[in-house]
Each structure stands twice: as structure tokens, then as C-alpha cells.
Amino acid sequence: MAEEHYLELSENPVQFEHASSVNNVFFDEANKQVFAVRSGGATGVVVKGPDDKSSVAFRMDDKGEVKCIKFSIGNKILAVQRTSKSVDFINFIPDYPHTEFTQECKTRNASILGFCWTSWNEIVFITDQGVEFYQVFPDKRNLKLLKSQSINVNWYQYCPETAVILLSTTVQGNVLQPLAFKNGNVSKMSKFEIELPVIPKPAKLSLSERDVAMATIYGQLYVMYLKHHSRTANSPGAEVVLYHLPREGPCKKSHVLKLNTTGKFALNIVDNLVVVHHQSSQTSLIFDIRLKEPDCSVNTQQPVLPARSIHPYRIPLSGSAVVPSQPPVPCQLYSSSWSVFQPDIIISASEGYLWYLQVKLPPTVKLLQDKGKLMDFLLRRRDCKMVILSVCSQILEGSEKAELPVVATVFDKLNQVYKEYLEAEQSYAAAVESGPSRGAATQKRPVRTQAVIDQSDMYTHVLSSFSERKGVSHKFIIAVLMEYIRSLNQYQITVQHYLYELVIKTLVQHNLFYMLHQFLQYHVLNDSKPLACLLLSLEGTYPPAHQLSLDMLKRLSTANDEIVEVLLSKQQVLGALRFIRSVGAHDNVSARKFLDAARQTGDQMLFYTVFRSFQQRNQRLRGSPAFNPGEHCEEHVTHFKQLFGEQAMMKASTV
Amino acid sequence: MCLFARNDGFCVCFSPKMASGMQEKQYTPCLLNFFIYNPTFGPREGEEEKKILFYHPSEVEKNEKIRNVGLCEAIVQFTRTFCPTKPAKSLHTQKNRQFFFEPEENFWITFLMVVLGVKHFPPFLTGDVCVYFTEEIYWSKLVRQCYSMYKLFNGPFSRAMEAGGVELLMQKLEKFFYRYLQTLHLQSCDLLDVFGGISFFPLDKMTYLKIQSFVNRVEESLSLIKYTAFLYNDQLIWSGLEQDDMRTLYKYLTTSLFPRHSEPELAGRDSPLRPEVAGNLLHYGRFLTGPANLKDPEAKFRFPKIFVASEDGYEELHLIVYKFFVIASCFLSLDQISASVEVTREFCEQLDGLVGPQLTLLASDICEQFTINRRTSGPEKEPQFKFIYFNHMNLAEKSTIHMRKTASVCLTSVHPDLMKILGDINCDFARVDEDEEIIVKAMTDYWVVGKKSDQRELYVILNQKNANLIEVNEEVKRLCATQFNNIFFLD
């Protein structure tokens with residue numbers, strides 16, 4: 001069971017002073033900073049960010065209770081809201097005046113619900129009557145109104161990654177208006193309505209901001225709505241409904257995630273997975289919106305894995321370094337004091353911790369029996385490589401050995417991702433080559449994610465050890481290797497030589513030469529010089545390998561020298577000569593090499609023929625049958641004279 | 001007139017037979033007798049009959065049988081004194097040819113042919129020598145093939161001896177050869193029979209890998225299946241068996257089993273497919289061996305046994321042939337006598353259920369390839385070149401001369417005399433190791449070219465008006481460049 005926790009809290013949480021009557025804690029989603037404000041700031045404000053660089057400590061005057069406090073991006077300007085009418089600013093840029101300045105909201109009688117920084121000096125005030133978009137001038141200590149929108153607002157949500165603010169409007173609150181902020185501009189995205197489980201009569205605010213969250217999943221912006229179970233609607237449990245917000249075009253309801261239970265929930269996004277925490281059962285569910293459920297309608301999804309709780313977490317006591325004997329205290333998970341923020345943040349204000357939620361992949365392997373689905377799931381995760389490779393090993397060996405169709409599916413899935421990467425790489429290379437004018441600048445170099453499992457990964461981590469494993473039938477080894485090669489071919493990926501070598505090695509080890517022969521006959525093993533050489537080396541045990549090797553060299557058409565060497569080594573001097581003549585390289589070959597070989601055969605007539613053939617060549621090329629000194633044929637000339645006499649030599653004049 | 005220039009492997013002959021030509025009588029060999037004996041079974045006088053294990057024709061009088069066996073024994077014994085390891089293989093008399101073959105120690109297969117027509121050659125002709133060798137090769141191959149076929153279905157002679165002594169062996173020989181000898185068609189024997197090759201179906205890599213995948217999956221899920229062979233349109237695509245066994249099995253399948261089953265299939269083509277015959281509504285696969293109809297409650301699940309070479313001698317297998325239109329898969333399941341594993345109805349149903357749907361998918365892939373092949377090699381029109389190709393290394397054969405092989409006749413599109421020249425060239429090649437090329441001018445504008453490069457042989461028949469040697473040579477070069485450009489074939 002312990003190995004089944006597939007979610008965990010980050011090992012090094014951000015620690016801050018826990019909330020108390022004198023210490024207020026705020027969290028800024030944009031900068032992921034926690035503000036601990038003691039006594040309204042008079043006794044100190046401690047800002048803790050995800051890393052030490054973003055941590056700041058300072059003091060400010062206590063001018064009343066702080067309602068909201070946030071740094072602009074890059075910690076340049078601090079904004080503090082203390083009243084419902086105005087926001088105060090403090091410069092944090094060195095050399096700029098440090099005194100506070102204030103901005104009241106422009107709309108009369110409006111009260112500020114909150115504010116969001118959209119850049120280092122641009123800020124949006126959200127009031128109950130609309131939004132006001134300002135530019136801050138820290139040097140002049142004033143603000144300029146850039147844009148404003150008048151609209152009745154119940155509450156709002158901000159997604160810092162995309163700088164989109166979502167406003168809840170109308171009486172019921174279920175008409176949502178997203179606004180996108182970019183470079184001093186506001187653009188209204190299409191508004192949409194969320195279907196409520198029950199329509200209240202008389203109308204009243206029915207959509208709570210707690211039930212709505214915004215997040216980017218697989219690079220797309222979604223609004224997640226936690227639709228609670230309603231008795232009247234006759235649904236078995238609560239659902240999370242996802243609305244896809246494209247940059248342009250209308251918003252669409254895209255997915256329904258079935259929770260199959262009721263109660264209090266919280267949402268996180270981790271590694272593009274939707275995580276739903278269920279408080280009463282103290283478990284979490286995960287959904288992968290890209291995983292298609294064949295037995296469900298297009299957009300209704302069930303959890304990928306059975307519900308499990310987050311891995312137990314122990315809080316190391318602050319003094320643990322000093323007093324190591326004291327055991328760490330287990331932390332209460334799913335506590336009611338937890339606050340959950342997008343995308344992957346969990347904060348326990350009462351204990352003073354900020355964690356990042358993480359997905360642990362190894363436990364998922366056991367929980368997801370369908371290997372094809374498991375691969376789909378793993379291939380979309382960030383740190384998946386080693387887990388995928390271990391799954392590959394697992395399905396090939398040992399007790400959990402899978403059947404060939406499953407192995408084939410897994411290979412196909414890996415190679416599809418591999419192929420996509422190769423194609424992207426190729427088109428990038430082509431774009432770079434075509435020059436900067438042709439939009440090479442616009443095309444980014446493709447990122448090689450961990451999901452790209454190439455042949456060398458498979459070879460090193462899976463196939464080579466598997467093929468040497470004792471107790472695995474060679475039939476299965478060959479079947480698996482061929483299946484991998486088939487899959488690579490199916491995706492038109494060039495197979496690397498070492499895979500062929502592995503196949504050949506395995507076949508040779510088990511004396512399956514005829515099988516090898518058939519593979520070569522159908523060109524299943526691609527031609528290459530190394531492969532041809534490997535075949536030549538097999539000739540001793542399997543004579544036909546010689547023919548196979550020569551055929552391969554011939555097809556390569558760049559291996560004429562090798563063919564000549566092979567033939568000469570077999571004392572097929574005439575064959576070599578005829579071959580070299582047929583490919584038109586007769587003029588350039590070394591006469592000495594041929595004469596050496598001819599002499600070695602001990603066949604005098606053969607020597608005569610070869611010698612004469614080269615004399616004729618010399619005659620044709622240089623007008624004289626004599627060999628050039630550079631050809632080092634002197635000893636052969638002497639030998640020829642000894643055998644056949646001076647008069648047998650071809651004379652320059654006679655031809 | 002013969003022109004030999006062996007040194008560069010090139011030889012031109014003008015066939016004298018062709019010149020003297022067509023008046024010659026047809027060449028019709030026929031089998032006079034065929035017997036198998038073991039001299040150690042009746043070493044003493046008066047027990048000679050015990051040596052004879054099988055004698056065809058059986059109605060011959062006993063004394064004549066004994067005399068013939070004795071003669072063979074004597075010849076072999078006599079020639080052994082000259083070369084103890086290689087005694088005589090054949091004996092040639094004016095009318096007859098006798099062949100001796102010792103497949104297993106002390107077991108001899110002998111047969112006597114009468115060859116009519118040859119004696120009509122004028123005595124001075126060296127052509128006779130060619131005929132002499134042609135037969136030598138043809139018939140000595142034939143006797144080997146007889147033995148291989150026996151061994152495929154019965155195992156070696158020694159097996160029957162161990163199991164039931166001479167009596168069992170004699171029964172088995174009688175049972176096998178009585179029928180087998182009737183199926184020999186000596187008249188229509190030609191070069192392809194000599195080669196005993198395998199025709200491979202040309203296929204692209206991807207489809208081939210899919211078939212591999214299919215075979216591996218079937219063998220994995222049905223562990224009873226030990227080897228698989230995959231054929232399409234009588235052409236081999238994959239063999240899990242070793243080459244020699246596959247060669248014999250291929251011959252059996254293509255010349256005996258498939259032709260026997262093709263007739264009803266052709267007949268049924270016009271009528272809509274009857275599911276009750278096919279046994280299954282979803283696909284049209286059926287068993288060629290074993291039960292004709294799986295649904296038949298009376299069906300017998302008995303499959304022929306075959307014997308193939310294995311690491312320790314030979315192994316016994318059930319031959320299960322499953323056919324799906326023109327795709328045939330042979331599944332060879334291990335016959336574990338000790339474990340008394342029988343091929344059952346459940347097994348057959350499982351096999352049918354597994355293989356049928358997968359073959360449906362594969363069939364369309366292969367079909368596509370088949371049409372591509374057709375397109376590249378041209379439609380059914382007369383092939384541009386008439387040739388026979390054979391590779392001794394993988395037994396691959398290819399012929400554009402043979403139309404269709406059936407159980408009874410081998411249809412060729414060329415004159416038998418030309419076929420005979422091919423045989424002669426083949427015999428000439430067999431005598432030397434070196435690569436060589438022979439060009440023969442035959443009757444009426446026909447040229448026959450034989451090429452041998454390493455382990456490959458190519459025979460081309462050309463018919464060009466007033467062609468000369470150079471033109472013929474060029475033409476053959478062109479053929480090699482188009483048809484054999486992906487192999488190392490010396491010009």
C-alpha cells in the first residue's frame with residue numbers, strides 16, 4: 001500500500017511564520033510569494049518565495065489592517081490594499097523615493113474587491129462595478145488609467161500565466177467574462193455561462209468563487225468548475241466540468257470529470273493532470289484530459305487511477321539538526337486549514353508551510369494494468385523516461401511478462417512520440433538551412449522531452465540486457481526484437497545498426513541461420529557496410545553469408561573496393577577484374593593488388609591473363625604497356641618474364 | 001562444334017542436336033523398376049529375398065527380383081574397390097540407366113530407367129555426352145527427392161526399424177512408395193524439378209514484418225505450435241523450418257496438397273460463399289489437413305505427421321495447414337508422445353479464432369503488394385524475357401517459363417527441346433566450380449544463355465530475328481540490370 005501513493009508533497013516546503021492574531025498571512029499566486037505581515041507591517045513583513053532570491057523582509061507603517069498585499073513582477077513595486085476604496089504603493093526600486101503613494105478607484109461608490117499585477121508596472125483593480133487598468137510611475141509616484149471596463153462583478157479569479165482575469169457577473173454569478181491583459185491592452189474574450197445544477201428562485205448568487213479555478217493544461221487555458229452533487233439532478237456524484245478558453249473564438253465545455261462521490265473537494269494541476277482532493281475520504285483522484293476513454297462518450301472521463309491519499313508527510317522539527325533524536329512529527333494531510341492554489345500549491349497557514357504537490361510515477365505502474373493506457377499516461381509526464389524504460393523491461397522479463405500484442409502496442413506508442421520529435425527536428429533543420437529569411441526565426445528548436453525514448457535508450461536500458469538474460473526463450477527474444485524493428489519501420493524511423501547486430505547475434509547464438517537468411521532476403525535488416533562485414537565474419541559457420549554480404553555490398557554501390565577485396569581474398573581474381581571493369585573503375589585500381597592475388601593462386605595462366613589485361617590497360621591509358629614505377633609491379637614483371645620469357649611481354653609498338 | 005575459353009569463364013556452343021534437329025524422336029523415359037534393399041539382411045545364400053525391402057513393380061517374379069538386387073549389389077561392391085568412399089552412383093547401358101543411392105548406412109535405393117530415342121544419334125556426335133550427363137543429374141536428384149519425401153512423412157528408415165523391425169519398415173515403404181511412384185511424372189521433369197527450389201513471394205519490408213509479427217503472436221499464444229510456414233499464392237514468405245525440410249515440405253504442399261484442394265475452390269468461385277462450408281461467418285479460413293468443417297460433430301481431428309531434423313536427430317510434428325483464400329499457413333505442432341498431447345477440437349477452434357481475423361487484415365496488405373508486383377512486372381502478358389533463375393544458397397527459384405504448376409503437369413511456354421538445352425547447360429555448370437557463361441544458338445532464331453555466378457544460375461531463352469552473339473549478350477546484360485540489380489551477379 002505504501003508504494004501506491006502517487007502524489008506527494010515537495011520535500012523542501014517554503015516555511016513561514018504561521019497565521020495568528022498578530023500575524024496575517026497572504027499568498028500571491030502571481031509571484032508565488034507568502035507574505036507574513038506582523039501587526040499591520042509595523043513589526044515587520046516577511047516575504048518568502050519559491051527560492052531564496054525572491055524572499056524579502058521589510059517594515060512598513062501600520063496604517064490599518066492589510067486586506068491584500070502583492071509585489072509587482074520582479075519585486076519592483078509593492079501594492080497594499082487596506083481599504084475598499086484605495087490601494088497604496090511603495091517603491092522597491094533602489095534610488096527611487098520610498099514614501100508611499102495612494103490610488104483611489106475611479107468609479108464612484110465602487111468598492112475594490114482586489115487587484116492583480118500584470119507586469120512590473122501595470123496593475124488591474126477589480127471593483128464590484130468593473131475593472132480599472134493602470135500604469136504605475138514609481139518615479140513620479142502616480143498612476144495613469146489605461147483602460148476601464150464597467151461591469152457588475154461578484155468575484156474574480158486571476159490566472160497569472162496567461163494574465164487572464166475571470167469575472168463573475170449577473171445575479172446568479174454564473175455568467176463568466178474573461179479579460180486578457182497584454183502590453184497595456186485589455187481584450188474581452190467571449191463570455192460564457194456555466195450551467196448550474198439547480199436554478200434558484202428567486203435568483204441569488206449561486207456560483208461560488210471557491211468552485212471555480214483557472215489553469216493551463218497542456219498549454220491551453222481552462223476554467224474548472226466543481227459541480228456539486230445535487231439530489232434533484234439524479235447524478236451519482238460531483239463532477240469537475242472543464243471549459244476550454246481559446247485565445248480566440250468561443251469558450252466550449254470540453255470535459256466532464258466524474259468524481260463518483262460527494263463532499264468537499266479542492267483542485268490542483270500537476271504535470272498537466274487535474275488532481276481532485278477529497279477531504280472526507282482523505283484521498284485524491286487524478287485525471288488526464290488527453291486520455292481517451294473508449295467506453296465513455298467523448299468528453300466524459302473517469303479517474304486514471306484509483307483514489308489514493310497523498311504520501312504521508314512528516315514535518316521535520318525546526319530543531320531537528322540540533323536534536324536528532326527527536327522524531328519528525330507526522331503532518332495531518334487534507335487538514336481543514338489547508339488552502340489550495342493553482343496550479344500545484346498547497347498552503348497550511350496554521351502550520352506555516354507551503355508545499356508543491358508532485359506526482360510520483362513509479363506507483364502508477366502497478367495501479368494501471370492496461371499497459372497501453374499506462375504508456376499513454378506516462379509519455380505525457382515530465383520525468384517519465386526511467387519509469388517508461390523500467391516498464392519496458394518489466395513487460396519483457398520476469399513474472400509480469402506481457403504478451404506480444406501488448407509489447408507491440410507499447411513499442412508503437414514510444415515510437416510515435418519518437419517519430420514526432422524526429423520530424424520536428426527535421427523540419428527545424430530544414431528551416432534553418434533555408435536561411436533566416438524564411439521564417440527560421442519563428443520556428444523554435446523542438447524541445448526533446450523525456451518522453452522521447454530513442455533506439456539507444458531502448459538498447460542500453462532494455463534490449464541488450466534482456467537479450468542476454470538467462471531463462472528467456474530465444475524465440476521470445478527474437479520476436480521482441482523483430483517487433484521493435486517492425487514498429488520503427490512502421491513509423492519510418494531508420495533503424496540503427498546496433499539493433500541489427502543484436503538480432504544477428506541472437507540468431508547466430510542459437511544457430512538460426514536460415515531465419516537470418518530469410519530476414520536478409522526480405523531486406524528486413526537494412527544494408528550497410530558494417531552489416532556486410534559482420535556477415536562476412538559469419539562465413540566460417542554459415543557459408544551462404546558470403547553471398548549475402550556480397551549482395552549487400554553491391555546494393556550499397558559505394559563499396560566497390562570492399563567487393564574487390566572480398567573477391568581477391570577468395571582468390572577470385574578474374575571475378576574481381578570483371579567486376580571492376582563492369583563498374584568502370586578498371587582504370588584506377590592498383591594493378592599490384594590484382595597481380596599479387598593472381599600470383600598467390602599459383603595458377604600461371606591466370607597470372608598471365610591478369611598481367612596481360614593490365615598491360616592492355618596501360619597501353620590504352622598511357623600508350624605504353626609498361627607499368628609506372630609508382631605501381632610497384634617490378635617483381636611481377638620479373639616473374640612474368642621468368643615464366644613466359646621476354647618475348648611474351650607486350651611490346652609498345654606491336655599493339 | 002564447341003568453342004571453349006574456360007579461362008574467362010565464357011563458352012559458346014552451337015548445339016549439334018538442334019542443328020540435326022527436329023526429326024529426332026521424342027524423349028520419353030519410363031521407370032522399369034524401383035527397389036530398396038539392405039544387403040546385411042540376407043547375407044547368406046538362400047536368404048537373398050530378405051534383403052529386399054520394397055520392389056516395384058511388385059508382380060515381378062521372385063527370382064528376377066533377387067537377380068536384379070544381386071546385380072546392383074555387385075556393381076556397388078565392385079566399384080567400391082576403386083573408391084571406397086564413393087561407390088558407383090549410376091550405370092549406363094545403351095538402353096537403360098540404373099541409379100544407386102545409399103541414404104542411410106546399408107540401405108540402398110535403386111531404380112532402372114529405360115530411355116528411348118537416344119540411340120538414334122549419329123555415333124560421332126559429342127552431343128550424346130550431354131544427354132548422358134543430363135540424365136545423370138536429373139535422375140540422381142529424383143531418387144534423393146523420393147527419399148526426402150519418405151523421410152518427411154515417416155522419418156528415416158532406422159526409425160521404423162527401431163520401432164517395429166524389418167516388417168514395419170516394409171509396410172511403411174509399401175504404403176508410401178506404392179502411391180508416391182504413381183505420382184512421379186518422369187516425362188515432364190525439367191530443370192525446375194532438378195533444382196527443387198522454392199519460389200519466394202516478393203514483398204516489401206513492412207508487410208513482411210507484419211507477417212513476422214503475426215507468426216510470432218500465433219506461436220506465442222498457442223504454445224503447441226512449434227514452427228510456422230507462411231505461403232501466399234503457392235509462394236513462400238516465411239519458414240520457421242530449416243531449409244532442407246522446408247524444401248521437401250514445399251514440394252509436397254505445392255505439387256500435392258494445394259492442387260488437390262484447389263479444384264473445389266475454383267468450382268465454388270461463382271457461387272456465393274457458403275458460410276457453412278467456411279465454418280465461420282466472420283472469415284473464410286479453413287483447414288486443409290484435419291477436419292474439413294469444424295462445426296461437424298463427427299469431425300476427426302487427425303493431422304498428418306511429419307518428421308523434421310532437430311538438434312538430436314529428428315522430431316515428430318503434426319502438419320496443420322490452414323488456408324485463407326490464397327494465403328496458406330502451415331502450423332507445425334510438436335507431437336509430444338510422452339505427454340500425449342493431441343491436437344483437439346478446442347485447439348483447432350482456438351487456432352481458427354485467432355488466425356482467421358488476423359489473416360483478414362494481412363490479406364489486404366499482401367494483396368496490395370501483389371498488385372504492385374503485377375504492375376511492375378507487367379500484366380499477364382507474355383513476359384519480355386523468358387528465364388529461369390536459381391540460387392543454391394537459399395533455394396530461391398524464379399521462372400517466367402512455367403505458367404502454372406499442377407499436380408499432374410508442369411506447363412511450360414517453351415519447346416521441350418529448349419528445355420532440354422537448359423538441362424544440358426545446367427549439367428555443364430555442375431561439373432565446374434568456377435563462374436561461367438554459356439551461349440547456345442538453338443533452332444529458328446532461338447538463343448539460350450546460361451550464366452553461373454557464385455551459387456546462382458540464370459538461364460535465358462531469347463528469340464530475336466537475325467541476332468548475333470554480341471546482341472544476345474547485350475540483351476542478357478539488360479535483363480540482369482533490370483531484374484537482378486540488387487544482387488551480386490557478375491556480368
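Order of the sequence lines fixes the chain letters, A, B, ..., with proteins taken first and strands second; residue numbering starts at 1 for each chain. Everything numeric here is computed off the predicted structure, so don't read it as measured data.
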[X] versus chain B, heavy atoms under 4.5 Å apart: side chain, backbone, both or neither?
X: Leu556(A); answer: neither
X: Ile563(A); answer: side chain
X: Phe476(A); answer: side chain
X: Lys475(A); answer: side chain

Pick one of side chain, backbone, both or neither for [X], based on which atoms fall under 4.5 Å of a heavy atom in chain A.
X: Glu220(B); answer: side chain
X: Asp204(B); answer: neither
X: Phe214(B); answer: neither
X: Ser239(B); answer: both

Please give me the minimum heavy-atom distance between [X] and [Y], naming the atom from each residue.
X: Asp454(B); Y: His546(A); answer: OD2-CD2, 4.0 Å
X: Tyr208(B); Y: Val524(A); answer: CD2-CG2, 3.2 Å
X: Gln490(A); Y: Lys210(B); answer: OE1-CE, 4.4 Å

Within this structure, what is the [atom1]-[atom2] distance for the pair [X] and [Y], rounded to the nearest 0.5 Å?
X: Arg578(A); Y: Glu437(B); atom1: CZ; atom2: CD; answer: 6.5 Å
X: Leu550(A); Y: Gln455(B); atom1: CG; atom2: CD; answer: 11.5 Å
X: Ser453(B); Y: Phe579(A); atom1: OG; atom2: CZ; answer: 11.0 Å
X: Tyr514(A); Y: Gln243(B); atom1: OH; atom2: CD; answer: 5.0 Å

With sequence neighbours left out, which residue pairs that include part of residues 515-525 of chain A fulfil the side-chain hydrogen bond (donor to acceptor under 3.5 Å, both in side chains) condition?
His517(A)-Tyr542(A), Gln521(A)-Asn394(B)

Given side chains that start at C-beta, do those of Asp551(A) and Arg456(B) come closer than 4.5 Å, heavy atoms only?
yes

Got Gln212(B) and Glu483(A) here, is their nearest side-chain heavy-atom distance under 4.5 Å?
no

Counting only heavy atoms not in Lys452(B), do more than 12 sit closer than 6.0 Å to its NZ atom?
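More than 12 within 6.0 Å, yes.
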
Side chain to side chain contact (heavy atoms under 4.5 Å, CB included), that's the test. Do Met482(A) and Leu209(B) meet it? Break it down for me.
CA-CA 7 Å; Met482(A) 292 316 288; Leu209(B) 283 167; 3.7 Å; yes

Trace of the side-chain hydrogen bond (donor to acceptor under 3.5 Å, both in side chains) decision for Lys205(B) with Asn526(A)
CA-CA 10 Å; Lys205(B) 183 164 63 176; Asn526(A) 278 9; 2.6 Å; yes

